[in-house]
Amino acid sequence: MAYYEMAQKVFATENESLAQVAAQLDDTFDQLIAQIQQVTGRLIFIGIGKSKLVAQKIAASLSSIGQPSFTIDAANAYHGDLGRVASNDLVFFVSNSGETQEVIKTLLALQAIHGEDLATVALTGAPQSTLAKNTALCINIGVNQEADVTGLAPTSSTTATLVFGDALLVVLEQVHQFDKEKFAQYHPGGNIGRLLLQRVKHVMHSHIPYVDEDTAINDVIYRISDFGLGLTLVRHPQTQAITGIVTDGDIRKKFLSVPQVKKSCATDYMTRGFISINQNERNQLAWKKMAAYGISNLIVEDDDQQVVGIVTIHDVLE
C-alpha cells in the first residue's frame, strides 16, 4: 500500500469516528449549554497528557469569544493548583478512558472542597466510567477505534474532542449573538482587529505629495518616488484645487502614447477626480472600496471634504 493510501485511510477512519460522535449527541448537550449560560465563574478544563493539550485548544477558542476559560494540568492540580478553581466555576474533566487517576483524584478533591456547589462535566469516551458516574453531566465522545496502527495512540479520540470543542464554540457564538464586531474586540491585533476596529485616520498617511497640472513629468516621477505611496495628487496651478491624481500605473500605461515625453507634464498622465473615503470610516470599508474599484489607494477626507491623507491597501491589511 502506498503511503498516501495509508494517509487516506486515516482520514476515512477519523471521519467515520466524527460521524459516530455526532450521532451520539443528545439533549445532554442542550443541558450543558444551559449550564454554561447560568455559570457566573469561568469554564475550566482539566486533563493530562494529550487530553490536556486538546483542552487547551478548546479553552483558548472559547476565550476568543469572550467566554472566560482556561486549562489546568491534572497533575499540577493535585499538587497545589486546586485553589485556582472556585465554587461558581464550571469544570470539564477530559479523559477518554474516564479512568485516568490524576483526573479522577482532582475531581474528588475539588468535590471535597466545594461539595455540590461545583458544577462538573465529563468529556469522555466511556459513559460508564468512574469519571462519568461522578460528574453532574457526561458528554459521550467515544469512538469505535483509534486511527493508528496499534489502535492505542490518541488519534480519532482527540480529533473527536477537538471537534466537540469547535461545536461548543459555534453554538455559544449563536447563543451570545457573537458577530464580527464582537470578535474583533477580542482580537485587536492582526488583520482582524486592523480591519474591523481601526479607522482610516489611524493608518492613513497625512504627509501628502502634490504636483501642479503643469509640473514636468520628471518632477512628477521624483515626487511619487520620494513619498513612496505610488501616487501624487494634482492641483490646479492657480486655484490650487485638487483636480486629480497621477499614479505609477498611469505613467506606465500612458508613457508610450504621449507624443513628446520630455515636454509632457502631469495633465498628460493624470486621472481626473479621485475616489475618496472619510477618515472616520473603518479599515474594512476602505478595503472593500478599493476592491470594488480595483485600486490600491484612496484619498482621505475629513467631515468638511477636505483632503487630509492617503490610505493604501497595505495600510489597512498589514
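All heavy atoms count here, side chains included; hydrogens, waters and symmetry mates do not. Just so you know, residue 1 is the first one in the sequence shown, and it goes up from there.
Looking only at side-chain heavy atoms (C-beta outward), Thr106 and Phe93 come within less than 4.5 Å of each other. At a threshold of 4.5 Å between non-hydrogen side-chain atoms, the residues Leu298 and Ile310 do not count as touching. Between Ile36 and Gln67 the shortest side-chain heavy-atom distance falls below 4.5 Å. Leu137 places none of its side-chain heavy atoms less than 4.5 Å from the side chain of Thr120. Using a 4.5 Å heavy-atom threshold, the side chains of Ile58 and Val94 count as separate. At a threshold of 4.5 Å between non-hydrogen side-chain atoms, the residues Thr100 and Leu131 do not count as touching. Using a 4.5 Å heavy-atom cutoff, the side chains of Ile251 and Ile221 are in contact. The side-chain heavy atoms of Asn134 and Ile104, taken from C-beta on, include no pair separated by under 4.5 Å.
Of all heavy-atom pairs between Val311 and Val203, the closest is CG2-CG2, 4.0 Å. Across all their heavy atoms, Ala266 and Val220 have their closest contact at CB-CG2, 3.9 Å. Taking every heavy atom of both residues into account, Ile208 and Tyr210 meet most closely at O-CD1, 3.4 Å. Of all heavy-atom pairs between Ala122 and Thr135, the closest is CB-OG1, 3.3 Å. Across every non-hydrogen atom of Ser129 and Gly98, the tightest pair is OG-CA, 3.4 Å. Between Thr124 and Ser95, the closest heavy-atom pair is OG1-O, 2.8 Å.
Cluster annotation: Leu43 is connected to Ile33 through the hydrophobic network of ILVMFWY side chains, with a link wherever side-chain heavy atoms come within less than 4.5 Å. By the criterion of side-chain heavy atoms lying less than 4.5 angstrom apart, applied directly or through intervening Ile, Leu, Val, Met, Phe, Trp or Tyr residues, Leu162 is not grouped with Val103; the two fall into different hydrophobic clusters. When the side chains of ILVMFWY residues are joined at heavy-atom separations under 4.5 Å, either directly or via intervening members, Phe227 and Val300 end up in two distinct hydrophobic clusters. Linking ILVMFWY residues whenever their side-chain heavy atoms come closer than 4.5 Å, directly or via other members, leaves Val143 and Val10 in distinct clusters. Taken together through direct or relayed side-chain contacts under 4.5 Å among Ile, Leu, Val, Met, Phe, Trp and Tyr, Phe29 and Val170 form parts of separate hydrophobic clusters.
Evaluation of the side chain to side chain donor-acceptor pair (under 3.5 Å) test over residues 33-42, restricted to residues two or more places apart or in two chains, returns Thr40-Asn88, Arg42-Asp89. For the ring-ring contact (aromatic ring centres under 6.0 Å, His included) condition, no pair includes a residue of residues 112-140, sequence neighbours left out. Within the structure, no pair that satisfies the ring-ring contact (aromatic ring centres under 6.0 Å, His included) test touches residues 119-147, not counting sequence neighbours. Among residue pairs with one or both ends in residues 291-300, none qualify as side chain to side chain donor-acceptor pair (under 3.5 Å); sequence neighbours excluded. Evaluation of the side chain to side chain donor-acceptor pair (under 3.5 Å) test over residues 136-146, restricted to residues two or more places apart or in two chains, returns Gln20-Asn144, Glu146-Thr155, Glu146-Ser157. For residues 222-247, the pairs satisfying salt bridge (charged side-chain N to carboxylate O under 4.0 Å, His left out) are Asp212-Arg235, with sequence neighbours left out.
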Please assess Gln128 against Lys133 for the test side chain to side chain contact (heavy atoms under 4.5 Å, CB included), listing each intermediate value before the final yes or no.
CA-CA 7 Å; Gln128 300 303 316; Lys133 291 178 180 179; 4.0 Å; yes
Please assess Thr71 against Ile46 for the test side chain to side chain contact (heavy atoms under 4.5 Å, CB included), listing each intermediate value before the final yes or no.
CA-CA 6 Å; Thr71 311; Ile46 295 178; over 6 Å; no
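With values rounded to the nearest 0.5 angstrom, Thr158 atom OG1 is found 9.5 Å from Ile141 atom CD1.
Summarising the hydrophobic clusters (Ile, Leu, Val, Met, Phe, Trp, Tyr; side-chain heavy atoms under 4.5 Å, direct or chained), the residues clustered with Leu18 are Val163. The hydrophobic cluster analysis finds Leu53 isolated: no Ile, Leu, Val, Met, Phe, Trp or Tyr side chain comes under 4.5 Å of it, directly or through other members.
Residues passing the salt bridge (charged side-chain N to carboxylate O under 4.0 Å, His left out) test with Lys289, sequence neighbours excluded: none. Taking the salt bridge (charged side-chain N to carboxylate O under 4.0 Å, His left out) definition, one finds that Asp214 meets it with nothing, sequence neighbours left out. When the ring pair (Phe, Tyr, Trp, His ring centres under 6.0 Å) test is applied to Phe274, no partner is found at least two apart in sequence or on another chain.
A donor-acceptor pair under 3.5 Å links the side-chain atoms of His236 to the main chain of Gln238, judged by distance alone. Between the side chain of Lys52 and the main chain of Asp73, no donor-acceptor pair closer than 3.5 Å is present. Side-chain atoms of Gln177 never come within 3.5 Å of backbone atoms of Glu173 as a donor-acceptor pair (strictly under, hydrogens ignored). Lys254 contributes a side-chain N or O that, together with a main-chain N or O of Met270, makes up a donor-acceptor pair within less than 3.5 Å. Proximity of a side-chain donor or acceptor of Gln101 to a complementary backbone N or O of Glu99 within less than 3.5 Å is detected. Judged purely by atom type and a 3.5 angstrom limit, Thr232 uses its side chain to pair as donor or acceptor with the backbone of Pro209.
Taking the six-membered ring for Trp and thresholds of 30 and 60 degrees, Phe92 and Phe45 have nearly parallel ring planes, at less than 30 degrees apart.
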Side-chain donor-acceptor pairs under 3.5 Å in residues 242-249, sequence neighbours left out?
residue	atom	partner	partner atom	Å
Thr243	OG1	Glu213	OE2	2.9
Thr243	OG1	Val234	O	3.4
Thr247	OG1	Gly249	N	3.3
Thr247	OG1	Asp250	N	3.0
Thr247	OG1	Asp250	OD2	3.1

